[in-house]
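Shown next, in structure tokens, is the structure this report addresses.
The structure displayed is predicted, hence computed values, not measured ones. Atom set for the values below is all heavy atoms of this structure, side chains included, hydrogens, waters and symmetry mates excluded.
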Amino acid sequence: PANELVKFNVFGIFAHGLAHGAFGKAIRDNVVPENPSALIEDLLREYQEGNFEMLFGVVKYMLVLVIFWVGLLKASMPQSSVSKVVVPLALVSTILNMVVPPQFGFTFVQTVLLFAFSLNQLMRPTHEKTIEYARYPMYVGVPLSFISWLESTQCENFVIHYGGHLLYDAWVPISMITFYLVCYMDVQKKNQTTTTQQKIKSL
């Protein structure tokens with residue numbers, strides 16, 4: 001169970017980093033709309049004016065956002081179909097992500113991912129709700145929710161002085177590794193106990 005929860009997060013973390021790079025480049029290339037709510041009108045105007053370079057930049061930015069959403073949504077919903085669930089949700093999330101005001105972008109991403117993950121986990125059959133199922137929110141979900149809440153509400157007050165968004169980005173892989181190591185050591189301990197018991201019985 002721990003393998004399932006972690007393996008797709010490797011791609012999710014990579015997609016997250018890719019999106020950071022794409023967002024930075026989009027800002028440098030001036031293809032991030034100043035008024036996101038008017039995105040469609042801006043794209044139509046750029047097309048009518050023949051500014052295809054700007055359109056190409058926006059399309060590249062959107063493609064990276066789709067990859068970002070596919071990676072993170074699949075990590076949040078590891079058992080869901082990529083073609084039937086993850087990709088359609090990624091396309092919708094990308095469009096919404098482009099029209100949400102930039103100051104709410106982080107909150108929007110967090111809300112979608114936490115909702116998708118929570119719903120996916122709650123709907124798992126009872127026999128799959130093992131100790132790993134309980135540990136994941138303890139090591140990853142709840143602390144990450146607290147860190148994201150701090151960043152979205154208190155970043156300018158004090159979080160920015162301690163790394164800002166870097167705290168969130170660092171906690172994701174650190175918490176995943178911690179969760180996986182705890183589960184791994186637990187399995188090793190159980191295997192060792194089983195082996196010892198078998199040896200005792202064979203005496």
Side-chain angles (χ1 to χ4, degrees), residues 2 5-6 8-39 57-58 61-62 64-78 89-90 92-122 132-183 185:
L5 289 168
V6 171
F8 290 111
N9 272 291
V10 174
F11 177 63
I13 292 170
F14 174 76
H16 183 183
L18 195 65
H20 271 296
F23 188 66
K25 189 174 189 310
I27 292 174
R28 290 193 298 274
D29 294 345
N30 197 31
V31 297
V32 177
E34 292 182 9
N35 182 12
S37 61
L39 176 63
V58 173
Y61 175 55
M62 290 185 72
V64 174
L65 272 181
V66 170
I67 295 171
F68 161 80
W69 278 109
V70 167
L72 292 184
L73 284 170
K74 184 58 180 175
S76 300
M77 303 181 294
L89 280 179
V92 172
S93 298
T94 296
I95 294 169
L96 292 175
N97 204 167
M98 293 287 287
V99 299
V100 167
Q103 63 268 33
F104 300 124
F106 174 74
T107 306
F108 170 75
V109 172
Q110 274 301 112
T111 301
V112 172
L113 293 179
L114 288 175
F115 179 77
F117 177 76
S118 300
L119 191 62
N120 180 262
Q121 291 294 292
L122 289 171
E132 292 83 6
Y133 167 88
R135 281 178 178 155
Y136 193 87
M138 289 170 56
Y139 288 95
V140 183
V142 173
L144 197 60
S145 298
F146 179 69
I147 292 171
S148 61
W149 175 79
L150 275 179
E151 181 180 346
S152 59
T153 61
Q154 304 297 322
C155 190
E156 292 183 358
N157 293 333
F158 73 91
V159 176
I160 193 171
H161 304 298
Y162 297 95
H165 186 64
L166 180 62
L167 294 176
Y168 176 89
D169 284 348
W171 180 256
V172 175
I174 290 171
S175 62
M176 293 283 179
I177 292 170
T178 303
F179 162 74
Y180 191 81
L181 286 176
V182 169
C183 293
M185 287 188 293

Could you go step by step and tell me if F146 and V142 meet the side-chain contact (heavy atoms from CB on, under 4.5 Å) rule? CA-CA 6 Å; F146 179 69; V142 173; 5.8 Å; no

The side-chain contact (heavy atoms from CB on, under 4.5 Å) partners of L113 (sequence neighbours excluded) come to W69, L72, L73, S76, V109

For V6 and M176, the nearest pair of non-hydrogen atoms, with its separation, is CG2-O, 4.4 Å

Those residues at least two apart in sequence (or on a different chain) that pass side-chain contact (heavy atoms from CB on, under 4.5 Å) with F106 are Q110, S148, E151, S152, H165, Y168

Scanning both residues in full, the closest heavy-atom pair of V100 with G105 reads CG1-N, 4.1 Å

Heavy-atom nearest pair, P137 first then P143, reads O-CD, 3.5 Å

With sequence neighbours left out, the residues meeting side-chain contact (heavy atoms from CB on, under 4.5 Å) with L119 are F115, M123

So do L65 and S93 actually touch side chain to side chain, heavy atoms under 4.5 Å?
no

**Prompt:** Would a 4.5 Å heavy-atom cut-off, applied to side chains only, mark S145 and L114 as touching?
**Reply:** yes

Sequence neighbours excluded, the answer for side-chain contact (heavy atoms from CB on, under 4.5 Å) partners of I177 is L181

dist L144:CG -> W171:CH2 (nearest 0.5 Å) comes out at 9.0 Å

Query - Neighbour count >12 (heavy atoms, 6.0 Å) for atom CZ, F158 - result: yes

For Q154 and N157, the nearest pair of non-hydrogen atoms, with its separation, is OE1-ND2, 2.8 Å

*Check the pair L18 / F68 against side-chain contact (heavy atoms from CB on, under 4.5 Å), numbers first and verdict last.*
CA-CA 7 Å; L18 195 65; F68 161 80; over 6 Å; no

Distance col, row M77:CE vs L89:CG, nearest 0.5 angstrom, shows 5.0 Å

I'd like to know whether CD of Q103 has more than 12 heavy-atom contacts from other residues, nucleotides or ligands below 6.0 angstrom. yes

Taken in chain and number order and not counting sequence neighbours, the residues that satisfy ring-ring contact (aromatic ring centres under 6.0 Å, His included) with F117 are Y136

Tightest non-hydrogen contact, residues R135 and F179, listed as CB-CE1, 3.8 Å

